[in-house]
There are 2 protein chains.
Amino acid sequence: MATQRLTKQRKAITEALRSQENFKSAQEIHALVNLNGETIGLSTVYRNLTEMFEARDVDMIIGTDGESQYRLCSNGHHHHLTCTNCGLAIEITGEALEVWAKQVGIDNGFTEIAHTLEITGICRACKNT
Amino acid sequence: MATQRLTKQRKAITEALRSQENFKSAQEIHALVNLNGETIGLSTVYRNLTEMFEARDVDMIIGTDGESQYRLCSNGHHHHLTCTNCGLAIEITGEALEVWAKQVGIDNGFTEIAHTLEITGICRACKNT
DNA sequence: GATTAAATGGGAATGATTGTCAATAAGCCT
DNA sequence: AGGCTTATTGACAATCATTCCCATTTAATC
Ligand SMILES: [Zn+2]
Ligand SMILES: [Zn+2]
Ligand SMILES: [Zn+2]
Ligand SMILES: [Zn+2]
């Protein structure tokens, strides 16, 4: 397991993530961090976000353009309902879905079954604009 | 609407897709096409795959590394159960899931609701190796 | 304060994807 | 068949997110 030193860079990145409601790309996080006076390297932001994701401290999704996006999330397995217009991201859970997905795998002889699911749409606020 | 000329390049790309069971990246398709003697430009492969995807002639998914992958698929909305080891891709449909996903959106005031779902695991053949 | 390995930064390298535009050729007309 | 028009191609440049590299910095411990 990698040693985890509490560097000011890591603090700043965590802080930036905390200030954001929705998913942000590594580049956006980098820009946010450097707005607050700090001057943190892009490599450092990428490294830390990757580590935080592997440690399950942040959620990561791959956007439609292939860009990775990060967000602080509640613990445990869940999915998201996101507005494609404003980025609003709502956490979703569905036990029936979880069971169904696993069963589909089992029925086909698969093991180590996992899944990804994202629901998208236009939120109420954006629709009334 | 764009005119669709039946070029030999387009035929070759379609042929390469037809010969493949699983999802392949644009670069892989390009390599496949050029194996068969033809010499087709990489740009052409990208252009055609994009067009074919927009015309719903092929499925496209974004891999974990952000790379786009393409495959000829049956018509209609469906998902995939893919083996992370050998790439085997099985088409999946689930009416209950479709209804549930849409309802989740509706319950949260969303419109123009869509979703993506991918199930992954290790297939039986790969497990017994 | 001294020590030491983890962590940083910044600039280069990678690699997929897109853009450019002159040259080519599919489909159509005669 | 030959010619015309314009969609399409292809070689290369350009873009852009992400990863690499490595000398320098610094958090943590004593
Ligand atoms: Zn919205
Ligand atoms: Zn789930
Ligand atoms: Zn499919
Ligand atoms: Zn579906």
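The structure presented is a predicted model; accordingly, all values stated were derived computationally and were not measured. Convention: sequence-line order gives letters A, B, ...; per-chain numbering from 1. Reckoned from all heavy atoms, side chains included, excluding hydrogens, waters and symmetry mates.
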Margin query: Pick the closest DNA chain D nucleotide for A:E67 and for B:R10 by heavy atoms, then say which residue is nearer the 5' end.
Written below: B:R10
Note to self: Both B:T50 and A:R47 contact DNA chain C. Taking the nearest nucleotide for each, which residue is further toward the 5' end?
What the structure shows: A:R47
Margin query: If I take atom CD1 in residue A:I40 and atom P in nucleotide D:dT26, what distance separates them, rounded to the nearest angstrom?
Written below: 12 Å
Note to self: For a quick check of understanding: with a heavy-atom distance under 4.0 Å over all strands, which category does B:N48 fall into, base, sugar-phosphate or nothing?
What the structure shows: sugar-phosphate
Notebook entry, point to check: Separation of B:I62 atom CD1 from C:dA16 atom P, in whole Å?
Noted result: 15 Å
Check: Can you check the B:L42 CG to C:dA16 P distance for me, whole Å?
Finding: 9 Å
Margin query: Can you tell me how far apart CZ (A:F23) and OG1 (A:T82) are? Round to the nearest 0.5 Å.
Written below: 8.0 Å
Next item on the list: Round to a whole Å and report the spacing from NZ of A:K8 to P of D:dT26.
Entry: 6 Å
Check: Is the shortest side-chain N to carboxylate O distance from A:K11 to A:E38 below 4.0 Å?
Finding: no
Note to self: Categorize A:T44 for me: base, sugar-phosphate, or nothing, with a 4.0 angstrom heavy-atom threshold over every strand shown.
What the structure shows: base
Margin query: What's A:T7 touching, base or sugar-phosphate or nothing? Going by heavy atoms closer than 4.0 Å.
Written below: sugar-phosphate
Check: Between C:dG15 atom P and B:D65 atom CG, what is the distance in whole Å?
Finding: 12 Å
Check: Are A:T50 and A:R47 close enough that a side-chain donor and a side-chain acceptor fall under 3.5 Å?
Finding: no
Checklist line | Whole-Å distance separating the NE2 atom of A:H30 from the P atom of D:dT19 | finding: 15 Å
Notebook entry, point to check: Do B:R10 side-chain atoms and B:Q4 backbone N/O form a donor-acceptor pair below 3.5 Å?
Noted result: no
Note to self: Just the rounded figure in Å: distance from P of C:dA25 to CD of B:E38.
What the structure shows: 13 Å
Checklist line | Nearest-nucleotide 5' precedence on DNA chain C, B:Q27 against B:L6 | finding: B:Q27
Check: Should A:Y46 be listed as having a side-chain N or O under 4.0 Å from OP1 or OP2 of D:dT19?
Finding: no
Item checked: Short side-chain N/O contact to D:dA11 OP1/OP2 from B:S43, under 4.0 Å -> no
Checklist line | Any donor-acceptor pair under 3.5 Å from B:H30 side chain to B:I40 backbone | finding: yes
Check: Is any side-chain nitrogen or oxygen of A:Q9 closer than 4.0 Å to OP1 or OP2 of C:dG9?
Finding: yes
Check: Please give, in whole Å, the distance from D:dT29 C1' to A:R5 CZ?
Finding: 10 Å
Margin query: Under 4.0 Å, heavy atoms only, any strand: does A:T39 hit a base, just the sugar-phosphate, or nothing?
Written below: sugar-phosphate
